[in-house]
Amino acid sequence: MSQVHSIRPGVVAPGGAAPTRVLLILEPKTSPGIADAARGDYLLSVEPIGIEAVSATTPGLRRAEVIIVEVDPFNPVMFDEFEAFAREYAGKLPVIAGVRDLTVAATRLVLRAGAVDVLPLPFTAEEFAHTVDPAREQALTKQAVKPVKRGKIISFLGAIGGCGTTALATQAGIIWAASAKVCLIDLDVQFGNAALYLDLKPKLGVFDVIEAGDRLDAEVLQTIAEQHASGLSVVASPPDMVPLDMLSTELVEKMLELAMASYDIVLVDLPAAWTNWSLRVIEMSELTLMVTSLSVPGIHQAKRQAEVIDGNGMSDRLRVVVNRVTHPMFGKIDLSDTQALMGRRIDYAIANDYPTVSSAIDRGKPFAAKTRVEKDLRAMVGSLAASLLEKAAL
C-alpha cells in the first residue's frame, strides 16, 4: 500500500518553490519506514511494490519530479527491469537507483544502466538531500535549455469580402493535416465561418480563449480546439459577434505562441478589418496569403492591402492568391495584366469550380480529388511547405 510522507506539509521551499515530489519504489519485503530518514522540502510517495509492478497507473508516478527505485545490480532479472525502466524515463525524469550494501562495482553497473545517481539503502537525511537535490536541479536545467518546438504560422487575409478566403484556409488545413499536426484558428471574430465550412459544431472557441485570460496554456488551448475528421484542429470564431477590441495584441500573441508549441502548422483566418493585433499576427507569420478575385474591386483592394504590408516591412512574406480563375480550354492562364495592375507577382491561381467547392463546404469534406480546384490547392500547399523548408534552411 502506498504511503505519502510530507515532512512539513504545505511548506514552500526557499525562493517560493513547491516541495520536490519524490516517488520511492521499494521491493515489497523492504519496510516503507526506510523513508522516515528523509527530511527537507520533499513530498515523498512510497510504493513498496517492486519495479516489475510499476505501471502507468502507479500512484505518484505522473506527478513525480524524481524517482528512486530499489534495485539489486547483481540480480539479473531485477537489473534488466531497472535498465528498461531507466531507459523509458531517460530525458523525462531523473531515475535514481536505491542500492543496499552499496559498492563501487554496484555503482558502476547502475550508472551504466541509466541511473542519474545512486542512493544507499538505508539512507540518512543528508544522503537523501545530497542525491535528490542535484538530480532535480539537473533536470530543471535540461528543461530550461531544451529547445521549444515552434510550428510555423501561415495567415490568410481576404482582400475583399466573399473571395473565398475561408474556403481556401479550411481546405488547405485538411490537405496539410495528412502530413503534419495542423491547427486552424479563426480570428474573424465577427463573421468567421471556418467551423461551419468544416461541418463542425464546436462548444468552445476563440471566446473561451478570451475568457481563459491568464489561465490560458497549451493544454487549455488544445482542449478548446475541435478536431475535424481529417485530423485538423480548429479554434472556432465566437458563435455571436464580438467587438474586435475584445482581443488584445498580448492575448493573440500568447495564443499563437502556445499554438506554435503544440502544432507543426498554424493557419490563421484573419478578419478583413485591420487592427493592432491582426498586424501582429502577420508579423508572427512565416507567410501571409492575401486572397482576392480577378474583379476590378478585388484587384484594387488587394493592391491597397499589399501596400499596408509593404509599408510595415513585411513584403517578403506576402503571397498573392487569385481565387476563382477560369481556366482556358487551351493554353495557360495569362495573369500578366493583373500583375501589371498590382505591381507584383501573382503567386497562386485557384480554379473556379463552384459545384466542387460548394459541395465540399456543405458537407465539411475535402474538395473532390482530381478536380481542377483540388489540384491547384494541393499544388499551393506543396509550394508553401517547400517555402517553409527553404526558410528553415537559411
Side-chain angles (χ1 to χ4, degrees), residues 1-54 58-75 77-144:
M1 182 178 294
S2 63
Q3 295 186 10
V4 177
H5 298 245
S6 183
I7 303 305
R8 285 181 281 173
V11 74
V12 175
T20 301
R21 298 186 296 273
V22 182
L23 174 61
L24 177 56
I25 300 170
L26 299 173
E27 286 299 299
K29 62 186 178 185
T30 302
S31 168
I34 197 172
D36 291 342
R39 293 292 183 272
D41 297 304
Y42 309 106
L43 185 60
L44 184 62
S45 296
V46 183
E47 291 294 330
I49 57 175
I51 190 172
E52 72 284 350
V54 177
T58 297
L61 183 59
R62 292 185 64 183
R63 299 187 64 232
E65 297 171 290
V66 178
I67 303 174
I68 303 171
V69 181
E70 181 178 359
V71 60
D72 179 355
F74 303 105
N75 180 323
V77 175
M78 188 187 296
F79 184 73
D80 287 346
E81 291 276 2
F82 175 82
E83 190 171 25
F85 184 88
R87 185 167 55 246
E88 179 181 354
Y89 284 90
K92 302 176 186 177
L93 288 172
V95 176
I96 297 171
V99 181
R100 291 184 176 277
D101 303 319
L102 188 58
T103 63
V104 173
T107 300
R108 287 175 177 168
L109 283 172
V110 292
L111 290 178
R112 288 174 184 170
V116 299
D117 208 340
V118 186
L119 179 67
L121 297 180
F123 51 79
T124 65
E126 290 73 24
E127 288 170 335
F128 184 86
H130 290 163
T131 306
V132 169
D133 292 349
R136 177 61 181 144
E137 287 298 321
Q138 186 178 18
L140 288 173
T141 301
K142 286 182 178 179
Q143 290 172 12

With side chains defined as the heavy atoms from C-beta onward, is the minimum distance between [X] and [Y] less than 4.5 Å?
X: V69; Y: Y89; value: no
X: F85; Y: I67; value: yes
X: V99; Y: F74; value: no
X: P120; Y: E127; value: yes
X: V116; Y: V66; value: no

Item to check | S31: side chain to side chain contact (heavy atoms under 4.5 Å, CB included) partners, not counting sequence neighbours | outcome: none
Checklist entry - So, the side chain of E65 versus the backbone of R21: is there a donor-acceptor pair under 3.5 Å, distance only? => result yes
Atom [atom1] in [X], atom [atom2] in [Y]: separation rounded to 0.5 Å?
X: T20; Y: E137; atom1: OG1; atom2: CD; value: 8.0 Å
X: I25; Y: I51; atom1: CD1; atom2: CD1; value: 6.5 Å
X: I96; Y: F123; atom1: CD1; atom2: CZ; value: 10.5 Å
X: E88; Y: L93; atom1: CD; atom2: CG; value: 10.5 Å
X: L26; Y: L121; atom1: CG; atom2: CG; value: 7.0 Å
X: N75; Y: D80; atom1: CG; atom2: CG; value: 9.0 Å

Item to check | Selection residues 100-119 - residue pairs positive for salt bridge (Lys or Arg N to Asp or Glu O under 4.0 Å), sequence neighbours left out | outcome: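 Matches after skipping sequence neighbours: E70-R100.
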